Protein chains: 2
Amino acid sequence: MSLSSESRVNTESNEYRQIVRIAKLYYEEELTQEQIGEQLGLSRVKVNRILQRARKIGVVKITIDAPESDPYDLEHALTIKYKLRDAIVVPDAEEGEALWHALAKGAAEWLVDHLEDGMRVGLGMGRTLSHVPLYFNPPEKINCSFCEVIGGAAETSGGFSNYNVTSQMAELAGGRAEYVYAPSILSSAEACLSFKREPSIADALERARQCDIILQSVGPVNKSALLYVHGYFDEKDLEELRENGAVGDALGRFFDQSGNPFPTRLDDQILGITLADLKKVPWSVVVAGGSSKVPVIKAALQGNLFSVLVTDTKTAEQLLHEG
Amino acid sequence: MSLSSESRVNTESNEYRQIVRIAKLYYEEELTQEQIGEQLGLSRVKVNRILQRARKIGVVKITIDAPESDPYDLEHALTIKYKLRDAIVVPDAEEGEALWHALAKGAAEWLVDHLEDGMRVGLGMGRTLSHVPLYFNPPEKINCSFCEVIGGAAETSGGFSNYNVTSQMAELAGGRAEYVYAPSILSSAEACLSFKREPSIADALERARQCDIILQSVGPVNKSALLYVHGYFDEKDLEELRENGAVGDALGRFFDQSGNPFPTRLDDQILGITLADLKKVPWSVVVAGGSSKVPVIKAALQGNLFSVLVTDTKTAEQLLHEG
DNA sequence: TCACAAAATGAAAAAATGTTCAAGTAGGAA
DNA sequence: TTCCTACTTGAACATTTTTTCATTTTGTGA
């Protein structure tokens, strides 16, 4: 019949008329392709092909109505670009308001939506995470448990103890708290090993590996790193790490630009789950934002260390438009 | 979770956020419902339900882009309202231009698009049909045949003979013509019967019944009717037919308001296919327009005598908006 | 005319989607 | 509390859609 060029169709042509008619019968009248074929004397396969063509050349337009699309678009773009299960973009912090409050709120709300009976939630460390309980407000009691994924029940990190966070979360949810009664970093690999052999601690770590959800932050290779704070690394060590390609850390474990583990001499002294463990968790949530963390987050996401990201608008945009 | 009211969703809610995200993954990223469910931790069925909801509440809008939509809309509306296989709406005739030219052109073009090798096309009678050859212009030779569906190879009707029309069409298409060598109306039922028993005529009628396509017009119960023109009915007869509920005729066979056959004393004297035969033809095309024919066309379509309509804009609108 | 590559076709297979149903669950009234 | 009705859920089933593939058709250049 007519010589059908790839993507342009004469609006006056009979081919076009037919495309429009079939599209209407399918999308407006909701006939099946079979019924349309029968009515018009075409094979079902042909009707199918015409419909594909109709979508391709834009005779049929499918639009998604998303008012206030900005945050949604960012979230959606992030999930696509980094193959995430979910992404939450919170508004940039107001002047004078700390970013970690906004992030903590986003993480807390995300958690309320995803927490179900029987789940175990692992909590990492850091200033942002320590603010999560402030905003965590489940509408009803949930039969779940919260645990630590790194030692340190009795320690404090940046003024906030893991212990407190874990117990607060458990209380707010109406669930149980499970602790790791041990330091996060041991003085030697041997000491660490003997702790790990202790059944109660081994159990605690095993529970941590089997969390349904883990919330954790990531940080750059600088003085905020866990191992620096605890005095196991000095400035020179950090410098060396950076020079050799370490980009950031999560739970005291460093990783490079691609999110691959970057081993350090202290890896065997840390009492906590590894990056490999983290990758296996169904919902591993990284809660982080701020310009300095952009390359770190990017690396972590590229290495699939996390499946959910909670961040702020500005960071989201940097994650999307750079590189 | 949230109490989901039937058709209104809070744009800020997490439910809405989820609907938009899933809609985007499905319609923009073209993931399958299964993949989406996997990624988001939902069952496939649930994703399916959310997508149905997205369409229902209008988050997803499917639009069909039909520039110059007027004729298309009319055609589409006609196919739906009267359950037609196709409808062609030609522009209203210009001042001084006869409607039947426009209709004949529409019918001829429709035929070009649908005529295929091996098909048989039956041609009825009437002024409009007699103009079809003028506009019939197939781009290539088609191995098909044209036949008459009512006697009258040697007669003329309104100045145009069936014979001429059939042979012209066959010639233009490069196919064969098959005639019914007999009058369209006999002087008695007995005479008609003996004609019908004649093998060559019986064959011709059988061929007519097995057409793939039949083009025919319809007319109101007035002096233009075949049986009046041939002198078998007088004005009083017409008057009586009208009073008893006859609305129009096709091929000399009358029908009522619902398109049901309205028997007359002359039915057995007509040498041609019946309305019941007409209904069995895959593509029976009625070519008719004009205010006076609106009730006739409507009746014929309601009785499913035809599956394709060729008419003009004004008539189309009347067919759609009245009754 | 022939031969060849590209495009179109539809039957069958595979995949995706939609529906039903039985079981479970929340919310509300007594 | 108990009972009741309403809704929600996902597995199993049914239907529809899409893809694949072998074949035919069509256009093109020799």
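The analysis underlying the following values was restricted to heavy atoms, covering all of them including side chains, and did not include hydrogens, waters or symmetry mates. Just so we're on the same page: letters track the sequence lines, and every chain starts at 1. Because the structure is a prediction, the values reported are computed rather than measured.
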Please state whether the phosphate of [N], meaning OP1 or OP2, lies under 4.0 angstrom from any side-chain nitrogen or oxygen of [X].
X: Asn48(A); N: dT17(D); result: no
X: Gln33(A); N: dT18(D); result: yes
X: Tyr26(B); N: dT17(C); result: yes

Would you state whether a donor and an acceptor, one from the side chain of Arg44(A) and one from the base of dT18(D), lie under 3.5 Å apart?
yes
When only distance counts, do a donor and an acceptor, one from the side chain of Arg49(B) and one from the base of dG18(C), lie under 3.5 Å apart?
no
Does dA6(D) fall in syn (glycosidic angle within 90° of 0) or anti?
syn
Figure out the [atom1]/[atom2] separation between [X] and [N], and round it to whole Å.
X: Glu38(B); N: dA15(C); atom1: CD; atom2: C1'; answer: 15 Å
X: Glu116(B); N: dA8(C); atom1: CD; atom2: P; answer: 16 Å
X: Leu51(B); N: dT17(C); atom1: CG; atom2: C1'; answer: 10 Å
X: Glu140(B); N: dT26(D); atom1: CD; atom2: P; answer: 8 Å
X: Glu34(A); N: dT15(D); atom1: CD; atom2: P; answer: 12 Å
X: Glu30(A); N: dG18(C); atom1: CD; atom2: P; answer: 10 Å
X: Arg53(A); N: dT19(D); atom1: CZ; atom2: P; answer: 16 Å
X: Asp117(A); N: dT25(C); atom1: CG; atom2: P; answer: 10 Å

Of the nucleotides [options], which one has an atom closest to the side chain of [X]?
X: Gln52(A); options: dT16(D), dT18(D), dC21(D); answer: dT18(D)
X: Thr32(B); options: dC21(C), dT17(D), dT17(C); answer: dT17(C)
X: Val45(B); options: dA12(D), dC21(C), dT17(D); answer: dA12(D)
X: Lys46(A); options: dT17(D), dT9(C), dT19(C); answer: dT9(C)
X: Arg55(A); options: dG10(D), dT18(D), dG18(C); answer: dT18(D)

Going from CD1 on Ile273(A) to SG on Cys211(A), what distance comes out if it is rounded to the nearest 0.5 angstrom?
7.0 Å
Could you go through Ile19(A) and Ile57(A), starting from their C-alpha distance and side-chain angles, then the distance that decides it, and tell me whether this counts as side-chain contact (heavy atoms from CB on, under 4.5 Å)?
CA-CA 10 Å; Ile19(A) 292 176; Ile57(A) 66 178; 4.0 Å; yes
Salt bridge present between Glu38(B) and Arg44(B) (N-O < 4.0 angstrom)
no
Going by purine N1 to pyrimidine N3 plus the second Watson-Crick contact, or the G-U wobble pair, all under 3.5 Å, which nucleotide sits opposite dT17(C)?
dA14(D)
Closest non-hydrogen atoms of Ala173(A) and Phe146(A), given as atom of the first, atom of the second and distance, are CB-CE1, 3.7 Å
Please step through side-chain contact (heavy atoms from CB on, under 4.5 Å) for the pair Asp277(A) and Leu205(A), ending with a clear verdict.
CA-CA 10 Å; Asp277(A) 294 329; Leu205(A) 284 177; over 6 Å; no
